S.K.: 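Got a structure for you, written out below as structure tokens; questions coming shortly.
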2 protein chains.
Amino acid sequence: MIDYNHPAFQYYQNVSEQCIHYLSIDGVIFGFHQNQLKVLLLRWKGTDEWSLPGGFILKAESVDLAAQRIIRERTGLQTLYLQQFHVFGETIRYNSEETWRKINLPVQGINWSERTISIGYYALVEYAEVVPTPDFLTEECRWWSLEAIPNLLFDHNHIVEVALQSLRKNVSDQPIGHLLPETFTIPELQRLYETILGHSLDARNFYKKIMAQENLERLAERRAGTPHKAPYLYRFKRSPSGINDIPSYT
Amino acid sequence: MIDYNHPAFQYYQNVSEQCIHYLSIDGVIFGFHQNQLKVLLLRWKGTDEWSLPGGFILKAESVDLAAQRIIRERTGLQTLYLQQFHVFGETIRYNSEETWRKINLPVQGINWSERTISIGYYALVEYAEVVPTPDFLTEECRWWSLEAIPNLLFDHNHIVEVALQSLRKNVSDQPIGHLLPETFTIPELQRLYETILGHSLDARNFYKKIMAQENLERLAERRAGTPHKAPYLYRFKRSPSGINDIPSYT
DNA sequence: CATCTTTGCGTACTTTTGACATAAAGGTAC
DNA sequence: GTACCTTTATGTCAAAAGTACGCAAAGATG
């Protein structure tokens, strides 16, 4: 028995007509807050089950723009740094019966349970700028610390894992600065690198390396309110061309 | 007027029923011969137009296995080193009218001209082991030197370019040795690195670095027939676990 | 004002990288 | 055979990059 009024059914109708079948996008949205990497997760209506934000690609929409649209809707951000990182194309990516049961979808009758190939994108965003916004299948959208992530729906734990590996592998040429606010201190930047890399760095050597890159400008102000010596604030130099070049620590 | 007997039409019928729409795989098969990187290209029946090998994904087939199947069919190789490198998802990837004209396909009536998203894979194969085999839309399959590649159909010149960039970026953790025969000399390995990286290396320093990795074993034999000092033959050590670990030059 | 922690910069040691010397091996020219 | 040439195989050494660690200045606390 199909509940034709269930929002999921209407969504499915839309997707069927306007979107590309068998293919979806999953987004791992990375933020940085209180010295921890966070990802934005969604809780499905009437359940305690969480998943990554995701969506489908319109038949006349580029894949990059689809990812941008999907992640914009969950974050409220207009400009986004996005990186395609992997295609998850196994025929059996997760236990689908178990999954449909968990999310209470009255959609057994429709073929939503067919295999889906998912293109993984990760985003590097400024935590404080994000307005977490659920979609119409979910009722809560919030940040989770990477270490505290629960068992997610689908194969989303695996996708987060691969996204993180990919981010780690490419830290040296990713614009890591997108995870920080406009101005920040060197120790704050160091915490970010430490968190991504998963090990601590020597503050003195970190200074030297970061300063050697000459893409930071020191502001006159210092960070107030710290219990110890007030650190200077810095900002990434923007290249005159307007292209983001926030290089990074190798 | 549609020629229902044209092999392309029958192929399309098959693809429509059994494969995932809007989604395809393109393969950049790299080989190494006479100190040059080569890619395997196909010439379309009755034309002088060349393209990369490609194909579609069966509805119940993993994407990796689809890529493997497609590349196996063109090379005759059973074991393959494959690497997914990019999804080409623009809505307009090439001039489709021009392309259909070039390949003389009597398929105006069917919607083959709809946008296709393509997953790019590259393969590293041993040149001499490959038996180039055309498919039923093409009549010639052969190696082309990277520098001599003609204007290809679709956006395949771009795909080759991106594959090469990706290979270059990841040389340091790709099993480059798959491009060489079982046994080879150090100078031959050096030529391979030089060709991929696009610049020459100092033979003395190359030796040191390669030997420091300790994953080569020197055989008793030497390469005969050279006009100069006969170099030793080497072979990559296979790890006891059976997993390929052909590390590489950084 | 003494104490504590953190920032900011400097020095010394180690490892890696890059430039270059040279002897041994194996062919060719005579 | 012998002189000569090219290429392989190893070695040396200095520059550069990376790592460990010393220490004074800044700012809050008691």
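Scope of the values below: all heavy atoms of this structure, side chains included, with no hydrogens, waters or symmetry mates. Nothing here was measured: the structure is a model prediction, and the numbers come from that model.
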S.K.: Do NZ/NE/NH1/NH2 and the carboxylate oxygens of B:Arg235 and B:Glu217 come within less than 4.0 Å?
M.R.: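 Here B:Arg235 pairs with B:Glu217 in a salt bridge, since their nearest N and O are under 4.0 Å apart.
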S.K.: Indicate, yes or no, whether a donor-acceptor pair under 3.5 Å links the base of C:dA21 to the side chain of B:Arg204.
M.R.: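 Yes.
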S.K.: So, for B:Ser118 and B:Asp26, which heavy atoms are closest and what is the spacing to 0.1 Å?
M.R.: OG-OD2, 2.6 Å
S.K.: Taking NZ from B:Lys208 and P from C:dT15, how many angstroms apart are they, rounded to a whole number?
M.R.: 15 Å
S.K.: Starting at NE2 of A:His199 and ending at P of D:dG18, how long is that distance when rounded to a whole Å?
M.R.: 14 Å
S.K.: Give me the distances for all protein-to-nucleotides 27-30 of chain C N/O pairs that come in under 3.5 Å?
M.R.:
{"residue": "C:dG27", "atom": "O4'", "partner": "B:Pro227", "partner atom": "O", "Å": "3.1"}

S.K.: Side chain of A:Lys209 only, heavy atoms from C-beta on: which candidate in C:dC20, D:dT8, D:dG18 is closest?
M.R.: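 Among C:dC20, D:dT8, D:dG18, the one nearest the side chain of A:Lys209 is D:dG18.
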S.K.: Identify which nucleotide among C:dC20, C:dT6, D:dT8 has an atom closest to any side-chain atom of A:Lys229, counting heavy atoms from C-beta outward.
M.R.: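 The closest nucleotide is C:dT6.
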S.K.: With the side chain of B:Arg191 defined as its heavy atoms from C-beta on, choose the nearest nucleotide among D:dA9, C:dG18, D:dT8.
M.R.: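 Given the options D:dA9, C:dG18, D:dT8, the side chain of B:Arg191 is closest to D:dT8.
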S.K.: Using whole Å, what does the distance between atom C1' of nucleotide D:dT7 and atom CG of B:Leu233 come to?
M.R.: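 Rounded to whole Å, this separation is 15 Å.
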S.K.: Using atom CG of A:Asn35 as one end and atom P of C:dT6 as the other, report the distance to the nearest whole Å.
M.R.: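 Answer to the nearest Å: 12 Å.
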S.K.: Under 30°, 30 to 60°, or over 60°: which ring-plane class applies to A:Phe236 and A:Phe184, parallel, tilted or perpendicular?
M.R.: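 It falls in the tilted class, 30° to 60°.
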S.K.: Taking the basic N atoms (NZ, or NE/NH1/NH2) and the acidic carboxylate oxygens, is any pair closer than 4.0 Å for B:Glu188 and B:Arg191?
M.R.: no
S.K.: Within the distance-only criterion (no hydrogens, no angle test), does the side chain of B:Asp135 pair as donor or acceptor with the backbone N or O of B:Thr138 below 3.5 angstrom?
M.R.: yes
S.K.: In whole Å, I'd like the distance from the CD atom of B:Gln213 to the P atom of C:dT17.
M.R.: 10 Å
S.K.: Distance check needed: D:dG18 P versus A:Leu201 CG, whole Å only.
M.R.: 13 Å
S.K.: To the nearest Å, how far apart are A:Asp202 CG and C:dT11 P?
M.R.: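 Value for this atom pair: 16 Å.
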S.K.: Taking 4.0 angstrom as the limit, do B:Glu90 and B:Arg93 come out as a salt bridge?
M.R.: no
S.K.: Between C1' on C:dT17 and CD1 on B:Ile210, what's the gap in Å once rounded to a whole number?
M.R.: 15 Å
S.K.: Hey, are A:Arg43 and A:Glu49 close enough for a salt bridge, meaning a charged N less than 4.0 Å from a carboxylate O?
M.R.: no
S.K.: Considering only D:dA20, D:dG27, D:dA9, which nucleotide approaches the side chain of B:Tyr207 most closely?
M.R.: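 Closest of the options to the side chain of B:Tyr207: D:dA9.
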